[in-house]
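To start, the structure under review is shown below, and the notes come after it.
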Number of protein chains: 2
Amino acid sequence: MAVDRAQAHAVVGERLRAAGQLYTSGRRELVELLLDIGRPATMADVLGQRPSLVQSSVYRNMADLERTGIVRRVAGSDELIRVELAEEIIGHHHHLVCTQCGTVDDFTVPEAAERALRDALQAIAREGSFVPEDHRLDVLGRCTPCSRERTIK
Amino acid sequence: MAVDRAQAHAVVGERLRAAGQLYTSGRRELVELLLDIGRPATMADVLGQRPSLVQSSVYRNMADLERTGIVRRVAGSDELIRVELAEEIIGHHHHLVCTQCGTVDDFTVPEAAERALRDALQAIAREGSFVPEDHRLDVLGRCTPCSRERTIK
DNA sequence: CTCAGTGCAAAGGATTTGCATGCCG
DNA sequence: CGGCATGCAAATCCTTTGCACTGAG
């Protein structure tokens, strides 16, 4: 997924402004970092790679960006908060979740499979009083590094 | 999904024994409770509904049951640990995750849709060095109670 | 008698909040 | 100016761990 950074920033700035918030340098840096990382990042990832950023501000800004629909939370196999840019910005995709180290990576499926999935979900959206907004299809397993390690204990 | 409790307990007891562990009353109570609740439960749910149980023991027993494959973790929209009995016991299903209150509920899709999904996943499993073990298809949205509340702020 | 399991209390780690200050519009 | 954003530190919340004790095989 090739992402036009300038455009990404434009979208983000616009959204924030629409919500009465500012696109400050701290927020810009978060968006920049997420674009760089190219996969769901934990807060530790973010803080580790941008030591200049302050923990509480990062948490608060992520929450703001999430509320504004710029960032979304991603569920891993542990209980750490992971975030990535909205699909509107980085494109539709799914996640490979390592059950051992917790790392989450992106992947896409062929359009045909994607269509089948869409159909399946359509079937779901029916009956209930539950109001569907989104969905997630994750594949759990061992990432490349972890699958190399010998069977643990 | 109708579950035969006696049989469920039999399966659990057997598995634990095979792992050199005991099916104690505390563990039995957890399994019983999970059967009652009928959906992924947080630790708070468990502790709230069984005040006699001790926090640390519940956490430890859940971890043991998870290691033994009797219980599995479920990802919600928050960072709370949620658990449910393995599909081997309660049957294959997917999850409705409320993005507002965090509640997770079970649902199943028609067999045709299930097949389509299976095919889609098959297409995924090929390419990578990632070793797939399991997958999850969740629908995110607003649960019935939350969808009734007026638009928040 | 031995080892797994339990209770209780304390520790740990991640995330959130309070408050004073700085900065953009 | 007025309000949103930031830093720093302290507070919270959930989860994990240490240790002594109990119980089943």
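Letters A, B, ... are given to chains in the order of the sequence lines, protein chains preceding strands, and every chain is numbered from 1.
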Could you check if a side-chain atom of [X] sits within less than 4.5 angstrom of a side-chain atom of [Y], using non-hydrogen atoms only?
{"X": "Asp106(A)", "Y": "Pro40(A)", "value": "yes"}
{"X": "Glu79(A)", "Y": "Ile81(B)", "value": "yes"}
{"X": "Arg28(A)", "Y": "His9(A)", "value": "yes"}
{"X": "Asp138(B)", "Y": "Leu96(B)", "value": "no"}
{"X": "Glu114(B)", "Y": "His94(B)", "value": "yes"}
{"X": "Asp64(A)", "Y": "Val71(A)", "value": "no"}

How many whole angstroms separate atom [atom1] of [X] from atom [atom2] of [N]?
{"X": "Asp78(A)", "N": "dT15(C)", "atom1": "CG", "atom2": "C1'", "value": "14 Å"}
{"X": "Leu80(B)", "N": "dT16(C)", "atom1": "CG", "atom2": "P", "value": "11 Å"}
{"X": "Asp64(A)", "N": "dT17(C)", "atom1": "CG", "atom2": "C1'", "value": "14 Å"}
{"X": "Leu65(A)", "N": "dC4(D)", "atom1": "CG", "atom2": "C1'", "value": "14 Å"}
{"X": "Arg82(B)", "N": "dT15(D)", "atom1": "CZ", "atom2": "C1'", "value": "15 Å"}
{"X": "Leu47(B)", "N": "dG7(C)", "atom1": "CG", "atom2": "P", "value": "12 Å"}
{"X": "Arg73(A)", "N": "dA14(C)", "atom1": "CZ", "atom2": "P", "value": "15 Å"}
{"X": "Arg17(B)", "N": "dA24(D)", "atom1": "CZ", "atom2": "P", "value": "15 Å"}

field: Step-by-step salt bridge (charged side-chain N to carboxylate O under 4.0 Å, His left out) determination, Arg72(B) to Glu88(B)
entry: CA-CA 11 Å; Arg72(B) 72 165 185 175; Glu88(B) 182 193 341; over 6 Å; no
message: With a 3.5 Å cut-off and heavy atoms only, can you find an N or O donor on one side and an acceptor on the other between the side chain of Arg60(A) and the base of dG18(C)?
response: yes
For [N], does OP1 or OP2 lie under 4.0 Å from any side-chain N or O of [X]?
{"X": "Tyr59(A)", "N": "dT16(C)", "value": "no"}
{"X": "Thr24(B)", "N": "dG5(C)", "value": "no"}
{"X": "Ser57(A)", "N": "dA5(D)", "value": "no"}
{"X": "Asn61(A)", "N": "dT6(D)", "value": "yes"}

- request: Identify whether any heavy atom of Gln21(B) sits under 4.0 Å from a base atom; if not, whether one sits that close to sugar-phosphate; answer base, sugar-phosphate or nothing.
  value: sugar-phosphate
query: Base, sugar-phosphate alone, or nothing: which one does Arg27(B) contact when heavy atoms must sit under 4.0 Å apart?
result: sugar-phosphate
- prompt: For the side chain of Ile81(A), counting heavy atoms from C-beta on, which of dA5(D), dT16(C), dC14(D) is nearest?
  reply: dT16(C)
- line: Computed from five pairs at either end and rounded to 10 degrees, the angle between the axes of the helix from dC1(C)-dG25(D) to dG25(C)-dC1(D) is 30°
field: Residue closer to the 5' end of DNA chain C, Leu53(B) versus Glu79(A) (nearest nucleotide)
entry: Leu53(B)
- request: Assign each of Met43(A) and Gln55(B) to its nearest nucleotide of DNA chain C by heavy atoms, then name whichever residue's nucleotide is nearer the 5' end.
  value: Gln55(B)
